[in-house]
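Chain identifiers are assigned alphabetically (A, B, ...) following the order of the sequence lines, protein sequences preceding nucleic acid strands; residue numbering begins at 1 within each chain. All values derive from a computational prediction rather than experimental measurement.
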2 protein chains.
Amino acid sequence: MTLNLMAVRALLTLYAQNGFSVSVKVSTPALARTLGTSQQSASRILIRLEKEGLIERRSVGRVTFVRVTELGLNKLLDLYTDLRAVIERPMDFVLEGRVFTGFGEGAFYVSLPKYRQQFREKLGFDPFPGTLNVRLLSLDSINNRRLLNRIADVYIEGFKNGSRTYGGLKAIHGTFNDSELCAVLFIERTHYGSDVVEVISPVYLRGRFALKDGDKVRIRVTIPKEKVEREEVGGELVSVGT
Amino acid sequence: MTLNLMAVRALLTLYAQNGFSVSVKVSTPALARTLGTSQQSASRILIRLEKEGLIERRSVGRVTFVRVTELGLNKLLDLYTDLRAVIERPMDFVLEGRVFTGFGEGAFYVSLPKYRQQFREKLGFDPFPGTLNVRLLSLDSINNRRLLNRIADVYIEGFKNGSRTYGGLKAIHGTFNDSELCAVLFIERTHYGSDVVEVISPVYLRGRFALKDGDKVRIRVTIPKEKVEREEVGGELVSVGT
DNA sequence: ATTACTAAATGGCGAGTAG
DNA sequence: TCTACTCGCCATTTAGTAA
């Protein structure tokens, strides 16, 4: 015997109205409205929940009072802890790709004092003067790059030097080849497409891993919680509807 | 269009296998096994989830890879945040009843130094020498008393004094008539039934509220989170089954 | 105003099976 | 092996309606 989603939503709605510590007055039309279903369904669901021992009902004259039982609360807690275990878990975003030689500007930019100082302060390391270019291999990696671009929250500000303008960028910490600290850069006005990432590190990655162009590398970014932005909001209670 | 519970469980299962940052290899028989349903249902659910834009599928030869989309993740986050908003909320347990005069032992016990000292240390106040007896009125209040008895976590230890043994008790902080600090006592070997609570407070409650026997009073206990114990555990992923 | 029954429609389920 | 179709069966839904 398995509850369906509508019954779970009903149970949650009742619980949300303090229906665990206090019996709440519930009419089937009112419950139907908040659940977005029919009065008949609301009636049937209450009967069902009562049969399963998840709620208790008392009729006083014409109005009925409903109270969520401990068994009912435990059902909700089970669902909640299952969801939490999966969702409040660190998420790994892996970027896999092949090293290639870029336009060679990386070393110049990273060495600029105004950038370099910000890297030191905001990333916590003094970057090797140069960026490693990685062309992403899989669709998953390209998708992860797009997501990380949104999640990255280390902002390196641009600046002006006479007539020349230097753009801003965002960065996020990662692990290179599962061993070296690094940061993935998301440069505002880059020459590269969305299948390329530029990486800096306190160490000389090409030397450290004896990398030649075409070698496969892996960058792993771990996001502590559900920091992933939410496009839509949805709104209503238990909104798994469409 | 509303997803049913099985579809939500499928989405959560896919997401749990890192199916958001990486496409995971999924076969309909394997998914069916973990969901406890048939291969046909697993197939139907994947088709449905894809149609709704919650997952993306790619076939590489015979194996298919599934990836949860951002929309899919948001559906899970919606459900999760809805549940969290309701469950991780302070809970109020209200005990309503009428004052009555007991056997008059309260004053004696509370005044015993070994009890009094523990009250001071563990409850943070010096109790007025006497307990107020309240006979609970509603079924809800009696039920709440039972729950609070389980939740109460201030343990006052018993002791011996010569041949006489003084029993232990549990207590929990509350608010008396929505204004005065108090503590509800759960005494191990009490003369009263489960429809009675004994209350202590730093102030003389009978005087403070000019209480006569039979007067209605209200004790409110606020539990910060879901501290409510769980009888059963349940186990499996999204276990709303029976 | 309620609650909840019956009946008919809709939709989900799994066995069988094709590709 | 796999995916996904059809089909009979059962569960869930809503409309109508009784109490």
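Here the C1' atom of nucleotide D:dA11 and the CG atom of B:L5 are 15 Å apart, to the nearest Å. The CG atom of B:L31 sits 12 Å away from the P atom of C:dG14 (whole-angstrom rounding). Atom pair A:I47:CD1 and C:dT3:P shows a separation of 10 Å (rounding to whole Å applied). As a whole-Å value, the separation of A:E50 CD from C:dT3 P is 13 Å. The distance from atom CZ of B:R48 to atom C1' of D:dC5 is 18 Å, rounded to the nearest whole Å. Rounded to an integer number of Å, the gap from CG of A:N4 to C1' of D:dC10 is 14 Å. Between the C1' atom of D:dT3 and the CZ atom of B:R33 lies a distance of 15 Å, rounded to the nearest Å. When the P atom of C:dG11 is taken as reference, atom NZ of B:K51 falls 12 Å away, rounded to whole Å.
Checking B:Q39 against B:T28 by side-chain atom types alone, a donor-acceptor pair falls below 3.5 Å. In summary, the side chains of A:N144 and B:S21 do not present any donor paired with an acceptor at a separation below 3.5 Å, with no hydrogens or angles considered.
Listed by chain and residue number, nothing satisfies the side chain to side chain donor-acceptor pair (under 3.5 Å) test with B:T190 (two or more places apart in sequence, or in another chain). Shown here are the side chain to side chain donor-acceptor pair (under 3.5 Å) partners of B:S27, two or more places apart in sequence or in another chain: there are none. By the side chain to side chain contact (heavy atoms under 4.5 Å, CB included) test, A:R44 is found to be paired with A:S41, residues two or more places apart in sequence or in another chain being considered. Contacts of B:S59 classified as side chain to side chain contact (heavy atoms under 4.5 Å, CB included), with partners at least two apart in sequence or in another chain: B:T64. Every residue two or more places apart in sequence or in another chain that forms a side chain to side chain contact (heavy atoms under 4.5 Å, CB included) with B:R57 is listed here: B:L46, B:I47, B:E50, B:I55, B:V66. Looking at residues two or more places apart in sequence or on another chain, you find a side chain to side chain donor-acceptor pair (under 3.5 Å) between B:T131 and B:E198.
The bend of the helix from C:dT2-D:dA19 to C:dG19-D:dC2, defined by the angle between the axes of its first five and last five pairs, stands at 30° to the nearest 10°.
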List the atom pairs, with distances to 0.1 Å, where a side-chain N or O of residues 170-177 of chain B and a protein N or O form a donor-acceptor pair under 3.5 Å, not counting sequence neighbours.
| from | atom 1 | to | atom 2 | distance (Å) |
| --- | --- | --- | --- | --- |
| B:K170 | NZ | B:N149 | O | 2.3 |
| B:H173 | NE2 | B:L123 | O | 2.8 |
| B:N177 | OD1 | B:R218 | N | 2.9 |

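Contact between the side-chain N/O atoms of B:R57 and the OP1/OP2 oxygens of D:dC2 is not found at any separation under 4.0 Å.
Residue B:L46 is classed as having no contact, given no heavy-atom separation below 4.0 Å to the nucleic acid.
Looking at residues 37-45 of chain B, you'll see B:Q39, B:Q40, B:S43 sit with a heavy atom under 4.0 Å from some atom of DNA chain D.
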